[in-house]
Amino acid sequence: MTPFALIDANNFYVSCERVFDYHLRDRPVVVLSNNDGCCVARSPEAKALGIRMGQPFFEVRDLLAQHQGRALSSNYALYGDMSSRLMQVIGQFSPEQEVYSIDESFLRFTPGEAAGLTALGLALRARVLQWTGLPVGVGIGPTKTLAKLANHLAKRHPDFAAAGVCNWLDLSAAARAAYAADLGVAAVWGIGGRWAARLGQAGIQTVADLRRADPEGLRRRFNVVLARTALELRGTPCLALEETPPPRQQIIASRSFGQPVTTRAELGEALASHTARAAVRLRAAGLVTGLLQVSIATSPFREDEPQYHPTWGLALPVPTADTVPLLRAARAALGLIFRAGYRYQRAGVVLLDLSPAGAVTGDLFAPVAPAGAARRARLLDVLDGVNGRWGRGTLRYLAEGGPGGQTWRMRRERLSPAYTTDWAGLPGVG
DNA sequence: TCTGGGGTCCTAGGACCC
DNA sequence: TCTGGGGTCCTAGGACCC
């Protein structure tokens, strides 16, 4: 049994702000989303006033003022900086660390370390507080899901809240059963409101119910994710520590408007700005994109108004991280979906089909009009190079069209090792 | 003209997480 | 009047290909 710990900061954004502003202590504080629209972090005092996660700010503005509360616009540069310090301190307690989100981290320990983990949790919590000023909760368990559950107890249950540490491994079987019977199934990692309702109808209401349920039956009746969750709750690990994050699949830049917009020009300006931001992040990650997707949408809250939320993706002629072709694609996509007469509330850009910059040479995408030996040789060359670097992946190449032609069509094929020796298997070649 | 399996890609939607 | 942003995974149907 290899124990896991989950460490996460309490009310992370608010706690970051409090480190630098003494006047924010001991009073209700919320941090707001973009456009100051919603409350995305709440101090304990704000939670005590009944302010919910994601609640629109205009609904709580008066309440907050009545209690001398403060509402802050978000400062992501600050939170990002505090996050790196937090992760660095946490990482001192185990060589095996997974940074799970901006304020959460898993650690894994060796079986031999299991006995001393409660003390380690207390020490970790004290050191993080002393070195960063951030309060954290620590949950320890034999699986990631149980570490998460223990963390939930550490932060919310009176038995653990004072220490801020809950070690599932230290609990007796009777104590585990009692806590599990006390917790609704929605307290489990991966089970949200919708699933909790569906499970409730099936007679599974508490964590204890879910631990009792037969995983194979859950898989048949619901899905494999739920079956895994049930196994993890019983102490059978199904989720591994992911020390190296999996490659990114998409980069999103989207925003709501402060007020509805109606013209294509306004949408175009917003999309240009989103595209530029996404391109900056793309380059920072050392990636290129092969597909840009644009979406615009009316406000789902205005049920009295006609709704329209189209999406359009355009393949880039050449995978790129340059802003100019991306801007051009975004404008073209907008032209294909824009309809006058709607009040649009948000616009966004998604970059998809990401691959490492420089992994494929531009040569591959140059016009290769004549079919034949030269072309095959060139494709084969590149395939070797790509396969060498990536193993399996997606290869894009020009199948038809030419420099003077009007049709530039992209074809894509899944790359498999066989293709390096069997070039004839590639559609459009030879 | 009909028959058939095995695939990929795209759009859309639902669910979850932080 | 004002209702976040950035991600993941899964499913389904239609178009298209071999």
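None of the values given here were measured: they were computed from a predicted structure. Every chain is numbered from 1, with letters handed out A, B, ... down the list of sequences. All values below come from the heavy atoms of this structure, side chains included, with hydrogens, waters and symmetry mates left out.
Screening A:Glu17, A:Arg42, A:Lys47 for a side-chain hydrogen bond (donor to acceptor under 3.5 Å, both in side chains) involving A:Asn11 leaves a single residue, A:Lys47.
Residue contacts shown for A:Val31 are absent, as no nucleic acid heavy atom lies under 4.0 Å away. Across all strands shown, A:Leu32 has no heavy atoms under 4.0 Å from either base or sugar-phosphate atoms. Across all strands, A:His309 comes closer than 4.0 Å only to sugar-phosphate atoms, never to a base (heavy-atom distances). Among the protein residues, A:Pro245 comes within range of no part of the nucleic acid, since none of its heavy atoms lies under 4.0 Å from any strand. Among the atoms of the strands shown, only primed sugar atoms or phosphate atoms (P, OP1, OP2) are found under 4.0 Å from some heavy atom of A:Tyr100. At a threshold of 4.0 angstrom between heavy atoms, the contacts of A:Asp103 are confined to the sugar-phosphate backbone, with no base atom among them. Across all strands shown, A:Glu59 has no heavy atoms under 4.0 Å from either base or sugar-phosphate atoms. Residue A:Gly313 is classed as a sugar-phosphate contact, given heavy-atom separations below 4.0 Å to backbone atoms only.
Remark: C1' of C:dT3 and CD of A:Gln307 are 13 Å apart, rounded to the nearest angstrom. Look at NZ on A:Lys144: it is 15 Å from P on B:dC17, rounded to the nearest Å. Going from atom CG of A:Asp353 over to atom C1' of B:dC9 covers 11 Å, rounded to whole Å. Separating the CD atom of A:Gln345 from the P atom of C:dT1 is a distance of 13 Å, rounded to the nearest angstrom. Here C:dC9 presents its C1' atom at 14 Å from CG of A:Leu226, a figure rounded to the nearest Å. If you take CD1 of A:Ile102 and P of B:dC17, they are 19 Å apart, rounded to a whole angstrom. What separates CD of A:Glu232 from P of B:dC16 is a distance of 18 Å, to the nearest Å. In this structure, CD of A:Glu303 is placed 14 Å from P of C:dT3, rounded to the nearest angstrom.
Listed here is the closest heavy atom pair of A:Arg211 and A:Ala180: CD-CB, 4.2 Å. For the residue pair A:Cys238 and A:Leu231, the shortest heavy atom distance occurs at SG-CB, 3.7 Å. In plain terms, the two heavy atoms of A:Pro215 and A:Ala227 that are nearest each other are O-CB, 3.4 Å.
More than 12 heavy atoms of other residues, nucleotides or ligands lie within 6.0 Å of CZ in A:Arg277, so this atom counts as buried by the packing criterion. Under a cut-off of 6.0 angstrom, the local environment of CD in A:Gln88 is sparse, with at most 12 non-hydrogen atoms contributed by other residues, nucleotides or ligands.
Checking A:Arg283 against A:Thr323 by side-chain atom types alone, a donor-acceptor pair falls below 3.5 Å.
Consecutive Watson-Crick or G-U pairing (both distances under 3.5 Å) extending over three or more pairs maps onto DNA chain C as B:5-18 with C:5-18.
In this model, the phosphate group of B:dC16 is not approached by any side-chain N or O of A:Lys148 to a distance below 4.0 Å at OP1 or OP2.
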Close N/O contacts between protein and nucleotides 10-15 of chain C (under 3.5 Å):
none

What protein N or O atoms touch nucleotides 4-8 of chain C N or O atoms at under 3.5 angstrom, if any, and at what distances?
unit_1, atom_1, unit_2, atom_2, d
C:dG4, O4', A:Ser33, OG, 2.7
C:dG5, OP1, A:Ser256, N, 3.0
C:dG5, OP2, A:Ser256, N, 3.3
C:dG5, OP2, A:Ser256, OG, 3.0
C:dG5, OP2, A:Arg346, NH1, 2.7
C:dG5, OP2, A:Arg346, NH2, 3.4
C:dG5, O3', A:Arg255, NH1, 3.2
C:dG6, OP2, A:Ser254, N, 2.7
C:dG6, OP2, A:Ser254, O, 3.0
C:dG6, OP2, A:Ser254, OG, 3.2
C:dG7, OP1, A:Arg248, NH1, 2.3
C:dG7, OP1, A:Arg281, NH2, 2.8
C:dG7, OP2, A:Ile252, N, 2.7
C:dG7, OP2, A:Arg281, NH2, 3.3
C:dG7, O5', A:Arg248, NH1, 3.4
C:dT8, OP1, A:Gln249, N, 3.2

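With A:His67 contributing its side chain and A:Pro28 its backbone, the two residues share no donor-acceptor pair below 3.5 Å.
Note that the CG atom of A:Leu210 and the CD atom of A:Glu232 stand 11.5 Å from one another [nearest 0.5 Å].
Here, B:dC17 and C:dT3 have their P atoms 25 Å apart, quoted to the whole Å.
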Go through it in stages, so that I can follow the logic: the residues are A:Arg18 and A:Glu45, the test is salt bridge (Lys or Arg N to Asp or Glu O under 4.0 Å), and I'd like the CA-CA distance, side-chain angles, deciding distance and then a yes or no.
CA-CA 13 Å; A:Arg18 280 181 165 174; A:Glu45 300 80 8; 2.9 Å; yes
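A salt bridge links A:Lys144 to A:Glu98: one of the charged nitrogens lies within less than 4.0 Å of a carboxylate oxygen.
For A:Phe106 and A:Trp189, the distance between ring centers is under 6.0 angstrom.
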